[in-house]
2 protein chains.
Amino acid sequence: MSILTPFKNLMQRFQPKMMAVGINHNAELSEKDAFISRQIPKPKPAEGELLVKISASSVNPIDIKTRVNYHLDGIFKVLGLDAVGEVEALGKNVDDFVVGDQVFYTGTQPQIGTNAQYQVIKAALVAHAPRELSASQAAAMPLTSITAYDILHQAFGLTVERDSVQDKTLLIINGAGGVGSILIQLAKYIGLTVIATAGNKESRAWEEGLGADHVLDYHEDLAGQLSKLGYPKVDYIANLQDTDAYWDLMVNTIKPFGRIAGIVTNTKPVDIGALKEIGAQFTWVFILARGNFNHNLQEQGDILTKIATLLDEGELKSTATKFYQGLSVESLKQATKIVEGHHTLGKVVIDYQEDEQ
Amino acid sequence: MSILTPFKNLMQRFQPKMMAVGINHNAELSEKDAFISRQIPKPKPAEGELLVKISASSVNPIDIKTRVNYHLDGIFKVLGLDAVGEVEALGKNVDDFVVGDQVFYTGTQPQIGTNAQYQVIKAALVAHAPRELSASQAAAMPLTSITAYDILHQAFGLTVERDSVQDKTLLIINGAGGVGSILIQLAKYIGLTVIATAGNKESRAWEEGLGADHVLDYHEDLAGQLSKLGYPKVDYIANLQDTDAYWDLMVNTIKPFGRIAGIVTNTKPVDIGALKEIGAQFTWVFILARGNFNHNLQEQGDILTKIATLLDEGELKSTATKFYQGLSVESLKQATKIVEGHHTLGKVVIDYQEDEQ
């Protein structure tokens, strides 16, 4: 025991705390302690970081994947990637923000995620939140918007500017989820003809409302439906559902020199060779790799700045469809249950400011 | 029989002919009639095409693949993709060339390839030949140079300008063949650190002579050799040898956000999923898809114009190592035999102008 230990203990007693909701094992959602709440130290921003008081977050499928695969039994982990909030403090060398700014972001998978009252986050990942949207509406957007942007720009090589594309068709496999709901809008904005798949009437109506030119029923033969529509082959495919199940369809449906983007890891090896002869490519989009490997972080801040502008201008609309109030074990469990049901339209949001709505 | 048939027959008797060497079945090279020579009609350039009197060609591995897989028994097919020659006639709407120009090109897989006295070729695929090189030296370059350029530019996203890259490492799996021999040079030109594999002393010396910074023995543990060199992970990998055999090595050796290019079709499905979490990508490079699908042909002419300049300036040197004289069954058989042996250094060329050398 160091001579300083008594002082350290004393200091810890007065260290500011915050409330967080998390997990400590890979629980089934039905378990009583699937989520638990804790008082943990309030973090301090280091150089290049912001301390953000979080006002809303949203649940993404990756949060569920992380919980189900969690193996550090007994070690508290806070999930959550998306956040909207207010800048409460700045680390050194942060130029783009001041205390009091409303911001939004996504992008790292730290031990303490956004299901907490506060988070420190690298400023490069952050953008000013859209002014015209509520915190809840904005919280639906960061992870899915950056993913949709990366699909169009990085994987397809397209410019995300209004009507910058002519006479090109995009097939979105699963257009109704979080990424699909913003990808339909962004793709229409840049001028693509958008064909999206849906599994039921509600999803079909949702996708048409977001601007999809055609909606296909994924329970039926997709190739046949595409041919009937007059699009037996398409220029771009975004597979937001299942890389294995749709591989053959994608290979048979993509045009020569077409581009396919996938966001769901395959479970079996795939035959990439069929793409080679036609000059086509398959590209992964996984935006968390930026944060996890500290690579081009500013790109995410820049993309979100653009997304915020398009939201404020009404070119895009929030994909939030369900709202839960207050950061609590119960609200997180309910929100997660919806996303785990796999038939969510758009995004499920948790508003931390219980009193406001 | 039409009333015009006698006139057609008469016209055919006076139609100009040319000599071509080709195949009419998927022969083993040891068969006596593996290659045959024929007098066939001399082609005429259509709109946007050039008629080229070919003075030299080179053998590429894809010529062998085409012969081995040929299934149109009894139908004469002329192999050969690379050509250097003189423009003898122009179709309509050709602006960039005049009769008498020395040109070089590659890029389509027609029934009548470049192992003939003449060929018609779309002008967009063609560039003026390097002035400082002999026809034989230049004939080694088109297909492999465009492939190397596409690897660096399209697959890796790099700019092909002198010293445009800093502190990045490229692993070339098989640096001694046609593509490897020019890729080593182009990669060094743009500033990459180049590590190439070789199977014997002769290949090692050849690769070092072309500028490779390090040469690894592919009979031994490559991962161990890379670690020993201080490059346990690399930024880029060009697999010019065997996509299946090196897949695991590539996945384990590529850095986060690295890029892998392949030019050899896989024979089994591959696990692409391992690349996703680290933000890395695998991209096919198959330049003949442009010609086969009539896609961005001018890109190939433009790349070759740049390659010709770099050759004339001495920044690149011809990769031709073996020369055969005269377009004949015998010369084509000999040249093909060398390439089929799989241990060719650089390229094997056939000079059609027998009298000159």
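The sequence lines fix the lettering, A, B, ..., with proteins before strands; numbering per chain opens at 1.
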Trainee: Quick one: which residues of residues 241-261 of chain B reach chain A at under 4.5 angstrom, heavy atoms only?
Mentor: B/W247, B/P256, B/F257
Trainee: For chain A, which residues from residues 262-270 of chain B lie under 4.5 Å away (heavy-atom distances)?
Mentor: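 Answer by number: B/I263, B/V264, B/T265, B/N266, B/P269, B/V270.
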Trainee: Count the heavy atoms of every other residue, nucleotide or ligand shown that sit under 6.0 Å from CG of A/D167, and state whether that count exceeds 12.
Mentor: no
Trainee: In terms of heavy-atom pairs under 4.5 Å, which option from A/G279, A/A280, A/G273 contacts chain B the most?
Mentor: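 Ranked by contacts with chain B, first place is A/G273.
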Trainee: Quick check against the 3.5 Å criterion: does A/Q281 have a side-chain atom that pairs as donor or acceptor with the backbone of B/W284?
Mentor: yes
Trainee: Under 4.5 Å from any heavy atom of chain A, what part of B/A274 do you find: side chain, backbone, both or neither?
Mentor: neither
Trainee: Within a reach of under 6.0 Å around NE2 of A/H153, are more than 12 heavy atoms found that belong to other residues, nucleotides or ligands?
Mentor: no
Trainee: Kindly compute the distance separating CD1 (B/I272) from CZ (A/F282), expressed to the nearest 0.5 Å.
Mentor: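 Between B/I272 CD1 and A/F282 CZ, I get 4.0 Å after rounding to 0.5 Å.
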